[in-house]
Number of protein chains: 2
Amino acid sequence: MGNDSPGDRLAHEERVKYALQAMPSEDDISTLAARFKAISEPSRLKILFALSCGELCVEHIVQAVGGNQSAVSHQLKILKDNRIVKARRNGKQVMYSLADGHVMAMISVAKEHLNCND
Amino acid sequence: MGNDSPGDRLAHEERVKYALQAMPSEDDISTLAARFKAISEPSRLKILFALSCGELCVEHIVQAVGGNQSAVSHQLKILKDNRIVKARRNGKQVMYSLADGHVMAMISVAKEHLNCND
DNA sequence: CTATCTTATGAATTGTTATTCATATGATAA
DNA sequence: TTATCATATGAATAACAATTCATAAGATAG
């Protein structure tokens with residue numbers, strides 16, 4: 001034993017205490033994790049980039065990201081359930097768009113992270 | 001037929017064209033998706049919140065987020081492989097910390113999204 | 001009404017990912 | 001050296017998610 005000085009050990013315990021205080025509730029963690037999961041599939045991420053240019057109907061999303069209608073529809077449902085995108089009906093078509101600015105903000109930060117090799 | 005006016009149809013085709021131009025490369029999409037996936041598990045998200053208070057060794061991460069040593073170690077590997085966290089050895093311990101500010105920035109944006117019911 | 005266009009959904013299959021257990025590796029102290 | 005502490009990893013299982021197919025539902029035109 002004696003791997004830590006007493007001072008170090010105390011500092012570590014303090015850190016754990018702070019970490020526990022900063023921890024969001026289980027509910028918030030679940031919700032956040034679900035949202036990140038929603039945007040963590042390549043096809044769904046493509047859908048978001050497509051929608052970053054403005055609203056699109058399902059058929060055009062299919063054209064923009066590839067894949068088939070059923071798959072895209074399932075993916076849109078996941079994005080909608082997690083409030084990443086929103087939908088409005090326009091006659092026979094359903095127009096999809098990004099739910100709010102936070103979504104693109106998050107993706108922008110991620111893209112920056114991608115570009116700088118830190 | 002005749003579901004769209006000719007003007008509308010043109011506008012939609014333009015939108016698809018723009019969407020395709022704005023689309024990142026397959027490689028960038030994959031990398032981004034992998035990073036989002038890395039932070040989309042509740043336990044891994046908890047690890048990031050714990051590390052947002054400063055670096056921690058593995059044992060203390062285990063205390064802060066719950067779970068067992070092996071599971072946490074596997075999760076840390078995923079986070080490290082995706083450059084979400086970084087590690088430095090300190091004697092027998094390995095200290096983990098967030099890779100850079102982008103990570104917390106992304107999580108902060110997500111938390112805002114959580115708080116405002118838009 | 002029927003026919004058609006567009007989107008959504010249930011069920012089955014397939015593919016991925018997390019968790020656990022046992023053990024290996026790396027570092028330090030005696 | 002051996003003993004111990006701290007972390008990492010491989011392999012198996014178990015849990016979960018994505019994709020496909022077939023079909024249903026919603027909207028409009030005729």
Side-chain angles (χ1 to χ4, degrees), chain A residues 1-5 8-9 12-13 15-16 29-30 33-47 51 55-82 84-97, chain B residues 1-5 8-9 12 16 29-30 33-47 51 55-82 84-97:
Chain A
M1 329 90 177
N3 49 322
D4 275 346
S5 76
D8 282 346
R9 162 150 300 149
H12 284 187
E13 281 170 0
R15 286 178 198 181
V16 174
I29 289 282
S30 296
R35 287 196 179 151
F36 280 121
K37 184 164 293 173
I39 65 178
S40 73
E41 277 299 315
S43 319
R44 292 199 290 264
L45 200 49
K46 281 189 203 171
I47 291 176
L51 293 180
E55 67 173 6
L56 291 171
C57 70
V58 176
E59 192 192 344
H60 289 144
I61 294 174
V62 170
Q63 289 175 35
V65 310
N68 64 61
Q69 182 269 320
S70 179
V72 168
S73 214
H74 278 292
Q75 287 156 350
L76 284 168
K77 179 168 168 46
I78 291 170
L79 290 171
K80 187 151 65 81
D81 287 350
N82 285 282
I84 310 289
V85 305
K86 57 184 197 287
R88 76 180 175 87
R89 189 170 267 281
N90 182 30
K92 281 187 283 193
Q93 301 181 328
V94 177
M95 310 296 294
Y96 280 86
S97 56
Chain B
M1 331 83 179
N3 50 323
D4 275 346
S5 76
D8 281 347
R9 162 151 299 150
H12 284 187
V16 175
I29 289 282
S30 296
R35 286 195 180 154
F36 281 122
K37 184 165 294 174
I39 66 178
S40 73
E41 278 299 315
S43 319
R44 291 199 291 264
L45 201 49
K46 281 189 202 170
I47 291 176
L51 293 181
E55 67 174 6
L56 291 172
C57 71
V58 176
E59 192 190 347
H60 290 144
I61 294 173
V62 170
Q63 289 175 35
V65 311
N68 64 60
Q69 181 270 322
S70 179
V72 168
S73 214
H74 278 293
Q75 288 156 350
L76 285 169
K77 179 167 168 46
I78 292 171
L79 291 171
K80 187 152 64 83
D81 288 350
N82 285 282
I84 310 289
V85 305
K86 57 183 196 286
R88 76 180 174 88
R89 190 171 266 281
N90 183 29
K92 281 187 284 193
Q93 301 180 329
V94 176
M95 308 298 293
Y96 280 86
S97 55

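Fair warning: this is a prediction, and the values are worked out from it, not measured in the lab. A note on names: the letters A, B, ... follow the listed sequences, proteins ahead of strands, and every chain is numbered from 1.
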Residue from I47(B), L51(B), I39(B), L76(B) passing side-chain contact (heavy atoms from CB on, under 4.5 Å) with I84(B): I39(B)

Rounded to whole angstroms, how far apart are CD on Q93(B) and P on dA8(D)? 11 Å

Rounded to whole Å, how long is the line connecting atom CG of L79(A) with atom P of dA18(D)? 10 Å

Taking every heavy atom of A38(B) against every heavy atom of L79(B), the minimum-distance pair comes out as O-CD2, 3.7 Å

Rounded distance (nearest 0.5 Å) linking atom CG of L45(A) with atom NZ of K37(B): 10.5 Å

Rounded to whole Å, how long is the line connecting atom NZ of K77(A) with atom C1' of dT7(C)? 13 Å

Which pairs count as side chain to side chain donor-acceptor pair (under 3.5 Å) when at least one residue sits in residues 67-76 of chain B, sequence neighbours excluded? none

Atom NZ of K80(A) and atom P of dA8(C): how far apart are they, to the nearest Å? 7 Å

Does OP1 or OP2 of dT6(C) have a side-chain N or O of Y96(A) closer than 4.0 Å? no

What is the distance, to the nearest angstrom, from the CG atom on D81(A) to the P atom on dA17(D)? 13 Å

Mind calculating the distance between CE (M95(A)) and P (dT6(C)) to the nearest angstrom? 13 Å

Letter by letter from the 5' end, nucleotides 11-22 of chain C scores (B base, S sugar-phosphate only, - none; protein heavy atoms under 4.0 Å) ------SSSBBB

For atom CG of L45(A) and atom C1' of dA18(D), their distance in whole Å: 16 Å

Nearest heavy-atom contact between G66(B) and V72(B) is O-CG2, 4.0 Å

Heavy-atom nearest nucleotide on DNA chain D taken for R89(A) and for R89(B); more 5' hit belongs to R89(B)

Atom CD of Q63(B) and atom C1' of dA6(D) are separated, to the nearest Å, by 13 Å

Nearest 0.5 Å, please: how far is CZ in R35(B) from CG in D81(B)? 11.5 Å

Residue pairs meeting salt bridge (charged side-chain N to carboxylate O under 4.0 Å, His left out), one or both in residues 55-72 of chain A, sequence neighbours left out, come to E55(A)-R88(A)

The nucleotide from dA8(C), dG26(C), dA27(D) with an atom nearest the side chain of K92(A) is dA27(D)

